[in-house]
There are 2 protein chains.
Amino acid sequence: MRQNEGLNSDALRGHMDGMLLAVLEHEPLHGYAIIEALRERSGGALDVPTGTVYPALRRLERAGHLASEWVTTGGRSRRTYRLTGSGHRALAAARSAWQSFTDVIGGVLRGPGQTA
Amino acid sequence: MRQNEGLNSDALRGHMDGMLLAVLEHEPLHGYAIIEALRERSGGALDVPTGTVYPALRRLERAGHLASEWVTTGGRSRRTYRLTGSGHRALAAARSAWQSFTDVIGGVLRGPGQTA
DNA sequence: AGTCTACATGTAGGCTGTCTATATGTAGAC
DNA sequence: GTCTACATATAGACAGCCTACATGTAGACT
């Protein structure tokens, strides 16, 4: 279970929740499928370990942003998560926060006087 | 000592080092001035506490990216930090990492199929 | 003289999210 | 019978950012 190419995991902190919500925006998914979706959407850059995802999903459910139910398909049992109303709002908030976050950090990193 | 507007501190994780290096790129500064520079460059969004900055500066010095010396001006003593060669390389690496980081996270947050 | 604010550095300890490692079990292919 | 992919879950380590505290100087104002 190797780690993401060049992406340091400290940097992921505080952005996992938003990504999980984003992945679940238009379809309910179970944990394992969420990990695959993250890998695909990131072009292979993101390989999030189960020890990160499962606790995070439970946290988001406790917070009311996700709801889960067990779904059995072809002999396989999966806990499937979907966004709640609160989850949709949290996703919108996460996107807005991401925007200001990148503006601020990006601006500092580039240095003063650079607009682009 | 109030906190940054809307910026959650988990999100800062792993990006402080790069910002500190960026602020020191063209001129040596002491800790207190670095905090002010971060506030100015971020348009007031970033108000980093001393308990974050001073340990971080020491860490970066131990890592060889910064060098420090005590400078006394007008009765005031300040530990002034400057970038080393290794620090300049680390800053370049941080900028490159920031680019891929925002590409990856931004891409996932936006959802599939969106180029812009 | 006393007080207050801005300047200036520093540490101890807490919090919490991510990671590693481990445990458990099913389905299907070979 | 074994191996791989699928699938969920938890315990404990790790590390960076934060709060709170401790300490001290310079200069302005009263």
Side-chain angles (χ1 to χ4, degrees), chain A residues 1-5 7-21 28-39 46-63 65-66 68-81 94 101 104-105, chain B residues 1-5 7-21 28-39 46-63 65-66 68-81 94 101 104-105:
Chain A
M1 206 175 267
R2 224 231 274 84
Q3 232 24 51
N4 28 28
E5 249 101 303
L7 278 259
N8 135 315
S9 36
D10 271 329
L12 254 28
R13 243 193 140 139
H15 304 293
M16 265 313 307
D17 290 6
M19 290 197 287
L20 294 173
L21 296 173
L29 289 173
H30 60 281
Y32 194 90
I34 290 172
I35 292 173
E36 290 181 321
L38 286 174
R39 187 160 41 230
L46 233 43
D47 192 359
V48 189
T50 65
T52 297
V53 168
Y54 289 111
L57 290 171
R58 290 177 158 281
R59 227 171 23 240
L60 288 168
E61 185 173 24
R62 262 203 313 281
H65 300 324
L66 296 181
S68 74
E69 59 180 330
W70 283 94
V71 176
T72 303
T73 313
R76 286 201 178 291
S77 270
R78 300 145 170 168
R79 188 192 287 274
T80 302
Y81 290 90
F101 171 76
V104 167
I105 312 294
Chain B
M1 210 175 262
R2 228 231 272 83
Q3 231 25 52
N4 30 29
E5 248 101 302
L7 277 261
N8 137 313
S9 37
D10 271 329
L12 253 29
R13 248 197 137 146
H15 304 292
M16 264 315 306
D17 289 6
M19 289 196 287
L20 293 173
L21 296 173
L29 290 173
H30 59 282
Y32 195 89
I34 290 171
I35 292 174
E36 290 182 321
L38 286 174
R39 186 162 39 231
L46 234 43
D47 192 359
V48 189
T50 65
T52 297
V53 167
Y54 289 111
L57 290 171
R58 291 176 158 282
R59 228 171 23 241
L60 289 168
E61 185 172 25
R62 262 203 312 283
H65 300 323
L66 296 180
S68 74
E69 59 180 329
W70 283 94
V71 176
T72 302
T73 312
R76 286 203 179 291
S77 269
R78 301 147 169 167
R79 187 192 286 278
T80 302
Y81 289 90
F101 172 76
V104 167
I105 311 297

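Residue numbering restarts at 1 for every chain, and letters A, B, ... go by the order of the sequence lines.
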Taken to the nearest whole Å, CG/L7(B) to C1'/dC18(D) is 15 Å
Donor-acceptor pair present, R79(B) side chain and dT9(C) base, under 3.5 Å | no
Interatomic distance, CG@L57(B) vs OH@Y54(B), rounded to 0.5 Å, equals 8.0 Å
Interatomic distance, NE2@H30(A) vs OG1@T80(A), rounded to 0.5 Å, equals 7.0 Å
Distance test, side-chain N/O of T50(A) to OP1/OP2 of dT8(D), below 4.0 Å: no
Rounded to whole Å, CD1 of I35(A) lies from C1' of dA7(D) at a distance of 9 Å
Testing dT10(D), dA9(D), dT9(C) for proximity to the side chain of P55(A), the answer is dT10(D)
Under 4.0 Å from OP1 or OP2 of dG16(D): is there any side-chain N or O of R58(B) that close? no
L60(B) atom CG is separated from dG16(D) atom C1', nearest whole Å, by 12 Å
Closest to the side chain of Y54(A), out of dA9(D), dT9(C), dG16(D), is dA9(D)
- Are side-chain N/O atoms of E61(B) and S68(B) paired as donor and acceptor at under 3.5 Å? yes
From the candidates dT8(D), dC7(C), dC18(D), the one with an atom nearest any side-chain atom of W70(A) is dT8(D)
Rounded to whole Å, the CD1-P distance (I34(B) to dC17(D)) equals 14 Å
Closest of dT18(C), dC18(D), dG10(C) to the M16(A) side chain is dT18(C)
Distance col, row R59(B):CZ vs L66(B):CG, nearest 0.5 angstrom, shows 11.0 Å
Report task. Would you tell me if any nitrogen or oxygen in the side chain of Y32(B) comes within less than 4.0 Å of OP1 or OP2 on dC7(C)? Result -> yes
| request: Looking at every strand, decide which applies to G75(B) at a 4.0 Å heavy-atom threshold: base, sugar-phosphate, or nothing. | output: sugar-phosphate
* Please state whether the phosphate of dT18(C), meaning OP1 or OP2, lies under 4.0 angstrom from any side-chain nitrogen or oxygen of R59(A). => yes
Side-chain atoms of P49(A) come closest, of dT8(D), dT20(C), dC18(D), to dT20(C)
Please determine whether side-chain contact (heavy atoms from CB on, under 4.5 Å) holds for the pair M16(B) and L38(B), giving the CA-CA distance in whole Å, both sets of side-chain angles, and the decisive distance to 0.1 Å. CA-CA 10 Å; M16(B) 264 315 306; L38(B) 286 174; 4.3 Å; yes
Interatomic distance, OH@Y32(A) vs CZ@R78(A), rounded to 0.5 Å, equals 10.5 Å
- Message: Parallel, tilted or perpendicular: which one describes the rings of H15(A) and F101(B), with boundaries at 30° and 60°?
- Response: perpendicular
N8(B) CG to dG16(D) C1', in whole Å, measures 13 Å
Comparing nearest nucleotides in DNA chain C, the 5'-proximal residue of the pair R76(A), H15(A) is H15(A)
Separation of dC7(C) atom C1' from H30(B) atom NE2, nearest Å, is 8 Å
Separation of dC19(C) atom C1' from L38(A) atom CG, nearest Å, is 16 Å
Rounded to whole Å, the CE-C1' distance (M19(A) to dT18(C)) equals 11 Å
Assert: residue with more 5' nearest nucleotide on DNA chain D, out of G31(A) and D10(A), is G31(A)
Checking dC18(D), dT8(D), dA8(C) against the side chain of S9(B) (C-beta onward), the nearest is dC18(D)
CG of D10(A) to CG of L12(B), rounded to nearest 0.5 Å, is 11.5 Å
The correct list of stems in which DNA chain C takes part (3 or more consecutive Watson-Crick or G-U pairs, distances under 3.5 Å) is C:1-30 with D:1-30
